[in-house]
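In the text below, chain A, chain B and the rest are named by the order of the sequence lines, each starting its count at 1. Nothing here was measured: the structure is a model prediction, and the numbers come from that model.
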Number of protein chains: 2
Amino acid sequence: MHSAVNPSISVDCVIFGFDGKDLMVLLIDLNRKNAANPSCREHKLPGSLILENEEIDAAANRTLLELTGLSDVYLRQFGVFSDPERIRKPEDLQWIADTYGVKVSRIVTITYYALVKIDKSILQPTVEGEVGWHRVQDIRNLAFDHKRILVNALELLTRQLLNEPIAFELLQKRFSVRQLQNLYEAILGFEIDNRNFRKKVLKFPFLKLLDEKEKLVSHKPARLYKFDKVAYEKEIKKSKLQLNFIRFF
Amino acid sequence: MHSAVNPSISVDCVIFGFDGKDLMVLLIDLNRKNAANPSCREHKLPGSLILENEEIDAAANRTLLELTGLSDVYLRQFGVFSDPERIRKPEDLQWIADTYGVKVSRIVTITYYALVKIDKSILQPTVEGEVGWHRVQDIRNLAFDHKRILVNALELLTRQLLNEPIAFELLQKRFSVRQLQNLYEAILGFEIDNRNFRKKVLKFPFLKLLDEKEKLVSHKPARLYKFDKVAYEKEIKKSKLQLNFIRFF
DNA sequence: ACAAAAGTGTTCTCGGTACACCCATGC
DNA sequence: GCATGGGTGTACCGAGAACACTTTTGT
């Protein structure tokens, strides 16, 4: 029984991507098969019951790998959803029974958010239904309590974006300052002064200027940068000692 | 079977208090009974398996209530520990079997940290062993993987202390600026300039000056303040719109 | 009157913000 | 040569940090 599933614990992953313009999230179309009923067409977050003897982080990574073909991505646990009634509709319970072949009563789910470079992910058609990217702002409702989970993930994402260099996980390896700014504006939802933004980010010692420029654009080509993780780690250590003061809002 | 325990999910609570001088944490003495073996005397964090049909937050609140007699306290989920080997010693497994009367194989634990006013908490002697406050800096090791959990909680606590007004959960309702500063210095681990600290915190519109002063001290008595939660919530809403800019370290 | 902690103001520096024009390329 | 977005500098303001003395009480 070394790969039996644990029927009471699952992971759900909010997988974010950025297409250069909008924040996207990867969803699974539940009603792909029975398209006979398109009115109740619903989507869900990718997720899975965990296996016995499997770390929960490992279960999240497994889910991600199965869906996108990516293995070395930013992944962060951010919540636990445990309402005994969170999966209550008979058809929801039926769907789970059909998918995993186990009878379940109550599932506690551990939630993760992942940041991937859309261009690198190779979507695998899965047995569960079709997987696809959706603009976050278009999403009205999701199956189970997944809308709540998404909203929570978004909140954390915006907070993290201001406090940690996670933007680079969503951009390609080489990027222009303008692309970085577009990402901030898309996620934060307001415009940022371009001159001040450059002044700020170009001061970061872990933003390395490359020799390359944009190609094939009908205007002045932008210079390209990359994020130097090693330099960032060094910077963190230096700054550990300094006094960052209280800021409650 | 409406109050059966779920044998694969538990909560563990890191309960912090402040005695005016040091940061304290509430621990359970595992070897209280068999004091015959004082060399392997170990402590653990308070925790419990969850019940079926119980929200995990509710399980954490239940644990807290049973131990301290307090019900309306600051409590925040901060992690999940799921290493299948996290409880591996035979005597650990035996202890759990004895305590809950269920056979367990692997337990995933959801961790919480709580902030309580030490003076208000009424410690209940429990069947599990003796409960007591310990100075955080004195703690060398704990049972299971609880040392790791404590370290994680401490990290989060210091981060939160700089970003949210949680200090007031650890102080008495009425407090002096000096007491507040002592708390910050104890948790952050460095000294803060008194003049700058006052200038900073007295600007907060949710810190309300009371009519009272300290009594029975053999020096100039300090003025007392209280934290006004309602005023704080208002302030938060106002500030939502303003641009807080990127600060990575 | 003395001990002990409370309470107070100024100067400097740095980082955030507002704001408008020239530059390099493709067509 | 013109359209398009890339790239640059300056002046103001507010907040953090460094720093030392006076005030109020109990004994």
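At the heavy-atom level, A:Val217 lies under 4.0 Å from the strands shown only through sugar-phosphate atoms.
Here the side chain of B:Arg195 is nearest to one of C:dG26, D:dC19, D:dT4, namely D:dC19. Side chain of B:Asn194, nearest nucleotide from D:dT25, C:dG7, D:dC19: C:dG7. You'll find that the side chain of B:Arg198 is closest to C:dA6, out of D:dG7, D:dG5, C:dA6.
With hydrogens and angles left out, the side chain of B:Lys220 and the base of D:dT22 share no donor-acceptor pair within 3.5 Å. The base of C:dT17 lies close enough to the side chain of A:Lys199 for a donor and an acceptor atom to sit less than 3.5 Å apart. The base of C:dA18 sits within donor-acceptor range of the side chain of A:Asn196, with an N or O pair under 3.5 Å. For a distance-only test at 3.5 Å, the side chain of B:Lys215 fails to qualify as a donor-acceptor partner of the base of D:dT25.
Ring geometry for B:Phe81 versus B:Phe78: interplanar angle over 60°, hence perpendicular rather than tilted (30 to 60°).
Residues A:Gln77 and A:Asp57 have side chains that never bring a donor and an acceptor to within less than 3.5 angstrom of each other.
If you measure from atom CG of B:Asp193 to atom C1' of C:dT11, you get 14 Å, rounded to the nearest angstrom. A straight line from CD of A:Gln181 to P of D:dG7 spans 11 Å, rounded to a whole angstrom.
At C:dT8, one or more side-chain N or O atoms of B:Arg223 fall inside 4.0 Å of OP1 or OP2 (strictly under the cut-off). For A:Arg178, a side-chain nitrogen or oxygen approaches OP1 or OP2 of D:dG6 to under 4.0 Å.
Checking each of B:Tyr225, B:Phe227, B:Tyr74 against B:Phe168 for a side-chain contact (heavy atoms from CB on, under 4.5 Å) leaves exactly one that passes, namely B:Phe227.
Comment: A:Asp83 does not engage A:Arg86 in a salt bridge, judged by the lack of any side-chain N to carboxylate O separation of less than 4.0 angstrom. Salt-bridge formation is not detected for the pair B:Glu233/B:Lys229: no Lys NZ or Arg NE/NH1/NH2 atom is positioned less than 4.0 Å from an Asp or Glu carboxylate oxygen.
For B:Arg247 and B:Ser176, each mapped to the nucleotide of DNA chain C holding its nearest heavy atom, the one lying further toward the 5' end belongs to B:Ser176. For the pair B:Glu214 and A:Ser218, nearest-nucleotide mapping onto DNA chain C gives the more 5' position to B:Glu214.
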